[in-house]
Amino acid sequence: TAYEISLGLVGSEMCIRDSAWADLRVDGKVWDRALARMPVPDRMEDDFLFLIWGHGQDFWLVRRFREQAAKYGFDAVDLYYIAGYSPAEVDRFCRNLFEANLRVVPYMWRFFYGGRKLVRKPCLTDPEYRRKVTGRMTELARAVAPYGPPGYTLGDENFLAPHGVDVCRSKTCLAQFREHLRRKYGSIERLNEAWGTNFPSFDLLVPPTLSEAKGRGLWAAWAEHREFMETVFDEIHDLALEAIRKVDPEARVGFDGPGPTDSWHGYDWAKLLDKFRLMGTYHNLPEVEIVRSLARRGTLLGSWYGGYVAQRRPELLRWLPWSMLAIGYNSCWYFSTTHAEGAFAPDLSPHEHFLWQLPEMSAIRSGIGKLFVNCEKLHDGVAVLYSQPSVHAAILSGELEGWREAHRGAILALKDLGVGFRYVSYLDLRERGARALDGFRVLLLPLTQALSEGEARAIREFVSRGGWVVADLRPATMDEICR
C-alpha cells in the first residue's frame with residue numbers, strides 16, 4: 001500500500017535546499033528509511049544578485065567549477081542552453097546547482113538568424129515553429145519552475161537578423177504584413193498615397209530593401225516594414241514568455257546580451273520591455289540607460305562583464321559592479337566560470353582579473369546592494385526621448401552612428417553635470433500625451449528626426465506648460481513612418 005504525506009519545511013536564509021528523512025517504523029522498529037532533498041526557492045527579488053555563466057552537467061571538473069563559483073560569492077548560474085536537453089536532464093542540472101548552493105537562471109532558447117537571405121530561417125511567423133517554441137518552453141519550464149529561478153532568459157545575443165538584412169519575405173510574414181497594412185490604411189489607394197507607390201493591390205505588395213528604398217525614394221515603405229518586423233520579434237518572445245508563465249506565474253522572463261540598436265536586430269525597446277521582466281545587457285551606451293529607464297519595476301536587470309579581454313584592466317573591473325548598482329540595476333552577470341575568458345583556471349584557481357573585482361563584489365553583497373535595490377532611483381526633471389522611428393530615420397539618412405553618438409553624448413554630459421535623467425519612450429508619448437512628461441522640466445531630443453503628430457502635439461503641450469525642449473539636428477523633419 002502506498003501513502004502520500006505532505007510536509008511543510010522551514011527554509012533557511014543561508015541555504016536554498018533542504019533535506020528530509022522518512023522512517024518506516026513498525027512496533028518501534030525501523031523497516032525502511034529514505035532521504036529526500038528539496039529546493040527551497042528564493043528568487044532574490046529584494047536583493048542584489050551576482051550571476052555567472054556556467055553549466056550543470058555531472059562532469060567532475062564542471063562540478064568543481066560550480067563549487068568555486070559558490071565559494072567566491074556568486075548567487076546564481078546562467079545555466080547554458082537547456083533547450084538541447086531532456087526535462088529529466090534539466091532537472092538534474094538544476095539539482096546539481098542547488099547542491100552547490102547556487103540558484104538557476106535557465107538559458108531556455110535562442111532566437112537568432114545569421115543568414116543573408118530575405119526569407120528568415122526559421123521564420124518567426126511560421127505556425128509550426130511557433131508551436132515548437134511553445135511546447136518546448138512549457139516542458140522545460142515544468143522542469144525548472146520547482147527551483148524558483150530568479151529569472152528565465154530566452155537566449156543570449158538574440159536578434160532578428162544581421163545588420164543590413166531586411167527580413168522577412170516568407171509567405172506567412174508577407175501575408176501578415178499585408179493584413180496589417182490593410183487594417184491600417186483600409187484601401188490600397190490610401191496606402192499608395194502615403195507611400196508614394198502604385199501597388200495594384202495589397203496581395204502584390206512586397207516591401208523594399210534599404211538599397212531599393214533609398215534608390216526609389218520608398219522610405220516610408222521600408223520604415224513600416226522594419227517596424228512590423230520589430231513587432232514580430234517582440235511577439236515571438238511574448239509567445240515564449242506566456243508559455244513559461246502558464247507554468248510559473250511569477251517568472252521573470254526576457255533575454256540577455258543584446259547587440260546595438262538599429263533597424264535589423266529587432267530591438268524596439270519600448271515594445272520589448274513592456275512585458276519583459278529580465279534583461280541582461282552589455283555595458284554599452286545608450287542601451288544600458290534606455291533599458292534601465294523603460295524596464296518595469298521589479299525587472300531583473302544586469303549587465304555582462306568579467307573575463308573579456310577588452311575589460312582586463314583593474315580600474316575598469318572594479319568600477320563595473322558599482323556602475324551597475326549606481327545605474328539602478330539589481331544584478332551583475334559575470335562571463336564565465338570556464339572558457340578562455342573565465343573566472344577560474346583549469347586548476348580551479350581564480351584568475352587575476354577575477355580577483356581584481358572581488359573586493360567590490362564582496363562589498364556590494366555585504367548589504368549595500370540590498371539597500372540600493374530597495375530604493376527608488378530619482379531624476380532631476382530631465383527626460384531623454386527614445387524614438388525607434390528616429391533610429392530608422394537615421395539609417396535612411398546615413399547617420400546611425402550619429403544617432404548613437406548623439407545619445408551617448410547627451411548621457412555623458414548629464415552624468416558629468418551630476419544631473420539625474422530618465423528616458424521616456426515614443427510609445428508612451430503617443431499613448432499618454434503630455435502626461436508622459438509629468439514630473440519633468442526638460443526634454444532632450446538627440447537626433448530625433450521622426451515624430452508622429454501625436455508625439456509633436458504632446459511636446460508642444462509640454463512646452464506650453466513651461467517645459468523646455470533641447471534638440472540638435474533636424475528635429476521632427478519626418479513623421480513616424482519616415483516621410
Side-chain angles (χ1 to χ4, degrees), residues 43-45 47-56 65-66 68-70 72-82 97 102-110 149-159 251-259 267 272-273 276-285 287-292 295 298-312 316-344 350-351 353-354 356-358 360-365 369-370 372-373:
R43 299 181 193 265
M44 288 192 67
E45 294 179 350
D47 205 344
F48 196 90
L49 179 143
F50 280 91
L51 173 146
I52 190 167
W53 176 292
H55 304 271
F65 279 128
R66 287 196 297 269
Q68 287 292 83
Y72 280 91
F74 286 100
D75 304 295
V77 167
D78 182 348
L79 182 58
Y80 176 65
Y81 199 63
I82 64 173
L97 291 175
L102 291 165
R103 296 158 187 83
V104 57
V105 174
Y107 182 139
M108 301 284 284
W109 196 259
R110 189 183 179 208
Y152 296 74
T153 176
L154 296 174
D156 172 58
E157 298 184 352
N158 287 9
F159 59 92
R252 295 190 287 183
V253 187
F255 71 86
D256 64 273
Y267 310 143
L272 289 170
L273 293 167
F276 277 15
R277 295 297 179 270
L278 174 147
M279 177 56 65
T281 66
Y282 289 117
H283 211 69
N284 298 324
L285 294 176
E287 283 78 15
V288 291
E289 292 291 351
I290 293 173
V291 167
R292 182 268 296 182
T299 299
L300 180 61
L301 295 176
S303 190
W304 284 107
Y305 80 117
Y308 304 114
V309 173
Q311 292 184 356
R312 291 187 187 178
L316 177 60
L317 283 173
R318 289 171 181 152
W319 171 79
L320 279 167
W322 291 106
S323 174
M324 294 176 219
L325 186 67
I327 284 171
Y329 282 18
N330 51 15
S331 62
C332 285
W333 297 39
Y334 197 97
F335 189 83
S336 80
T337 47
T338 58
H339 196 272
E341 298 175 319
F344 307 108
H351 280 300
H353 56 77
F354 171 69
W356 289 337
Q357 61 82 55
L358 190 60
E360 322 309 322
M361 182 175 163
S362 300
I364 292 171
R365 293 186 80 247
K370 188 180 183 74
F372 269 59
V373 166

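For clarity, every value in this text was computed on a predicted model and none was experimentally measured. Only this structure's heavy atoms are used, side chains among them; waters, hydrogens and symmetry mates stay out.
Residues Trp304 and Leu51 form a side-chain contact, since some pair of their non-hydrogen atoms from C-beta on lies under 4.5 Å apart. Tyr329 has its side chain out of reach of Ser323: every pair of non-hydrogen atoms, C-beta onward, lies at least 4.5 Å apart. Between Tyr305 and His283, the closest side-chain pair of non-hydrogen atoms is not below 4.5 Å.
Residues satisfying the salt bridge (charged side-chain N to carboxylate O under 4.0 Å, His left out) criterion with Asp256, sequence neighbours excluded, are absent altogether. Remark: Glu287 engages Arg404 in a salt bridge (charged side-chain N to carboxylate O under 4.0 Å, His left out) (not counting sequence neighbours).
Among Phe354, Tyr308, Tyr72, the single residue meeting the ring pair (Phe, Tyr, Trp, His ring centres under 6.0 Å) criterion with Tyr334 is Phe354.
Here the side chain of Glu157 pairs no donor or acceptor atom with the backbone of Gly257 at under 3.5 angstrom. Panel note: side chain Arg292, backbone Leu301; no donor-acceptor pair is recorded below 3.5 Å. Put simply, the side chain of Arg318 never gets that close to the backbone of Glu360: no donor and acceptor are under 3.5 Å apart. Checked by atom type and distance alone, the side chain of Arg277 never pairs as donor or acceptor with a backbone atom of Leu300 at under 3.5 Å. Judged by distance alone, with hydrogens and angles left aside, the side-chain atoms of Arg103 form a donor-acceptor pair with the main-chain N or O of Asp75 at under 3.5 Å. With hydrogens and angles disregarded, a donor-acceptor distance shorter than 3.5 Å links the side chain of Arg110 to the backbone of Asp156. Between the side chain of Arg365 and the backbone N or O of Gly73, at least one donor-acceptor pair lies under 3.5 Å.
Here Gln357 contributes atom CD and Ile364 contributes atom CD1; the two are 9.0 Å apart, rounded to the nearest 0.5 Å.
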